[in-house]
Protein chains: 2
Amino acid sequence: MTFFNEQPVTAADKTFFQLRKDIVEGEVASGSKLSETELSTKYAVSRAVIREAINRLESCNLVERKANVGARVVTLTPEGLVELYQVRESLEGMAARLAAKNMTDQEIGDLNVLLNTHFQKVKTGESYYQEAGDVDFHYRIILGSKNKHLISMLIDGIYHLVRMYRVQLGMTGPRITTAFDEHKNIVQAICNRDEELAEMLMRRHILYSKNNVEKKLEAVN
Amino acid sequence: MTFFNEQPVTAADKTFFQLRKDIVEGEVASGSKLSETELSTKYAVSRAVIREAINRLESCNLVERKANVGARVVTLTPEGLVELYQVRESLEGMAARLAAKNMTDQEIGDLNVLLNTHFQKVKTGESYYQEAGDVDFHYRIILGSKNKHLISMLIDGIYHLVRMYRVQLGMTGPRITTAFDEHKNIVQAICNRDEELAEMLMRRHILYSKNNVEKKLEAVN
DNA sequence: ACAAATGAGATTGTCGACAATATAACCTTA
DNA sequence: TAAGGTTATATTGTCGACAATCTCATTTGT
C-alpha cells in the first residue's frame, strides 16, 4: 500500500503526525482537552511546535479550537458520522466520475491488478481486504480524479476522521464480498469511461457502506 | 447580507482576515512570495502571528507552503478554475439536496423573500445582484444543508478562492436574469422537498456558471 | 441564601532572540 | 570557460519569557 508516502521534515511535522496517530487510534481520548504545556513536555518540543501541530489538526477536523480557551479532540457522534458519509458520497462520487475521465489506461490496468489481488484474498478468506484494501481502492480512485482540491479535501481533510470512527467504534466487520462486487462494478464503469455510471455506483457504494456502519452503531448502543 | 459575521478576536485573527482580503483582491499579487519578516513589519505584529495567519491561509488553499523555503500566493490558472468548479458542483449539489431535506419552513420562506428582493433589483436593472446576491443565495443553501463539514469546506475552504478568481479575472459580467431563473427553480425544488431535483438543478446551475466563466476566460486570453 | 463582584491561578496569545536550513554569490580547479 | 565546491547572507524553524485572557473559587452585599 503506497498510502502514507508523506514524510516529516520539521519537528512540527513529526509532532503533527504523531499526535494525529494518537488521536485517531484513541490514545488521546475523544473529547479530551489538548493542553499546550502538557503536550510540549510529553512530546519534548516547544509550545510553538505544539501550537502549529494543533492548528493543522484543526484543519483535519480532528480537533476544535476556541480562542483564548484551547483545543479539544472532537467527539464522535452518530450524527457526525452521517454528515461525514454525506460528504464522502458527494466528493468520492465526483472523484469516480473524474477518474473515469482522467485516469490513464495504465492506471486503470493497475487498478484491475489491485482488484484481482483482493479477489484472491477474499477467496482464501483473509480479512486483510476490508481495512487496507478498501482504503487503497478508494485512495487510487481519488488520486485518479487528478483534481487537486478533491484529493486534498478527501485525503488531508476527512480521511483520518473516517479512520478515527472506524477504529474507535470497531467498524472492521464483514461486508467484504459484497463490497468487493461493488468495487468491481465501479472499475468496470471506469474502464468503459462511463462517467455517469461510475459516479452513481460510487455514491451507492458509499451509501451502502454508511447504512452498514449505522447498523453496527445501533448494535453497539 | 449576513455573510461575514465572523469577527476577529486575536491579533492572528485580524492579520488573517486582512491578509486574506489583500490576497483575494489582488493587493498582494498572485504568485508572490510571502516573506514572514516583511509581513511582520507591514502589519506591525510578530512573526509568530504572521506564521499562524499563513498557516490558516494554506488551509483556505490561498497560499502554498514548502518546508524551510516559505509560502507563496497561489497562481490562478484555467485548469485550477475548472477543478474548483468541479468541487463546487459536487459539494453544492449535495448541499442543495440536504437543504431540501433539512431547511425549516421558516428558512425556506426567508429564501423566497430574498429571491423576491433580487427579482425587484433585476427588474430595475441594478447590477448588485450578480456579486453579493449570488453569494448570499448560495450561502443560505449551504448553511441550510446543516452539514458541518459541507459548510466548513465550502465557506472556509474554497469560497474565498472562488472570489479571488472572480475579482482578479474580472468575472462580474451579466448572466443575471438567466441565473435568476435557475435560482428560482432550485428554491422551488427545495419548497417541494424534492431532494433529487434540488441537487440536479444546483449542479446544472454551477455547470452553466462554469461554462460562462470559461468563455470569459477565453475572451480575455 | 443567592447573586454579583473580585481576585488568584492557570492557560493561551504574543514577542524577540537564537538555531537550522536554503539560496546565491564567490572562489577553486580541471 | 565551465563545473563543482565553499562561504556568506537571508529566511524559516524553534525556543523560553512575558502579556493578555479565561476559569473558578472566594468574598461581599442585599
Side-chain angles (χ1 to χ4, degrees), chain A residues 5-23 27-75 152 156, chain B residues 5-23 27-75 152 156:
Chain A
N5 35 14
E6 47 181 359
Q7 47 200 7
V9 6
T10 70
D13 289 337
K14 295 191 195 85
T15 308
F16 168 60
F17 290 142
Q18 183 64 47
L19 199 47
R20 185 179 63 185
K21 182 170 181 285
D22 291 346
I23 289 174
E27 192 154 328
V28 175
S30 164
S32 67
K33 185 167 195 312
L34 293 177
S35 161
E36 294 181 0
T37 53
E38 190 179 326
L39 290 174
S40 76
T41 59
K42 177 175 177 182
Y43 292 101
V45 289
S46 78
R47 269 186 57 221
V49 170
I50 295 292
R51 280 176 69 82
E52 172 151 355
I54 290 179
N55 276 332
R56 291 200 221 167
L57 289 169
E58 196 184 11
S59 301
C60 304
N61 302 303
L62 290 177
V63 315
E64 287 170 350
R65 191 171 207 176
K66 260 202 321 193
N68 286 316
V69 174
R72 304 192 83 89
V73 179
V74 294
T75 57
S152 152
D156 302 331
Chain B
N5 34 14
E6 46 181 1
Q7 48 202 8
V9 7
T10 70
D13 288 337
K14 296 191 195 85
T15 308
F16 167 60
F17 290 141
Q18 183 65 46
L19 199 46
R20 186 179 64 186
K21 181 170 181 285
D22 291 346
I23 288 174
E27 191 154 328
V28 175
S30 164
S32 67
K33 184 165 195 310
L34 293 177
S35 160
E36 294 181 359
T37 53
E38 191 179 326
L39 290 174
S40 76
T41 58
K42 178 175 176 182
Y43 292 102
V45 288
S46 79
R47 269 186 57 221
V49 171
I50 296 291
R51 281 176 68 82
E52 172 150 355
I54 289 180
N55 277 331
R56 291 200 221 167
L57 289 169
E58 196 185 10
S59 302
C60 304
N61 302 303
L62 290 177
V63 315
E64 287 170 350
R65 191 171 207 176
K66 261 203 319 195
N68 287 314
V69 174
R72 305 193 83 89
V73 179
V74 294
T75 57
S152 153
D156 302 331

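Quantities reported herein were computed from a predicted structural model and do not represent experimental measurements. Letters go in sequence order (proteins before strands), and every chain restarts at 1.
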Item to check | Evaluation steps, salt bridge (Lys or Arg N to Asp or Glu O under 4.0 Å), between A:D13 and A:R56 | outcome: CA-CA 10 Å; A:D13 289 337; A:R56 291 200 221 167; 2.8 Å; yes
Checklist outcome for this item: Nearest heavy-atom contact between A:G70 and A:K33 is CA-NZ, 4.2 Å
Checklist entry - Between A:K33 and C:dT12, is there a side-chain N or O to OP1/OP2 distance below 4.0 Å? => result yes
Checklist entry - For the pair made of CZ in A:R72 and P in C:dT12, what is the distance, rounded to whole Å? => result 11 Å
Next on the checklist: Using whole Å, what does the distance between atom P of nucleotide C:dA10 and atom CD of A:E38 come to?
Outcome noted: 14 Å
Item to check | B:V73, B:V63, B:L39 screened by side chain to side chain contact (heavy atoms under 4.5 Å, CB included) with B:V28, the one that passes | outcome: B:V73
Checklist outcome for this item: DNA chain D: first to last nucleotide in contact with chain A (atom under 4.0 angstrom from a heavy atom), 5' to 3', is D:dG13 to D:dT23
Checklist entry - Going through the distances and angles, do A:E27 and A:K21 end up as a salt bridge (Lys or Arg N to Asp or Glu O under 4.0 Å)? => result CA-CA 8 Å; A:E27 192 154 328; A:K21 182 170 181 285; 6.0 Å; no
Next on the checklist: Any residue in residues 45-57 of chain A with a heavy atom nearer than 4.0 angstrom to DNA chain D? Just list them by number, or reply none.
Outcome noted: A:V45, A:S46, A:R47, A:A48, A:V49
Checklist entry - Run the side chain to side chain contact (heavy atoms under 4.5 Å, CB included) check on B:I54 and B:E36 step by step: do they pass? => result CA-CA 9 Å; B:I54 289 180; B:E36 294 181 359; 4.3 Å; yes
Item to check | Residues B:K42, B:E38; criterion salt bridge (Lys or Arg N to Asp or Glu O under 4.0 Å); working and verdict | outcome: CA-CA 6 Å; B:K42 178 175 176 182; B:E38 191 179 326; over 6 Å; no
Next on the checklist: If we ignore hydrogens and angles and just use 3.5 Å, is the side chain of A:S30 paired with the main-chain N or O of A:V74 as donor and acceptor?
Outcome noted: yes
Item to check | Exam field: side chain B:R47 to backbone B:T37, donor-acceptor pair closer than 3.5 Å | outcome: no
Checklist outcome for this item: By nearest-nucleotide position on DNA chain D, the 5'-leaning member of A:V9 and A:A67 is A:V9
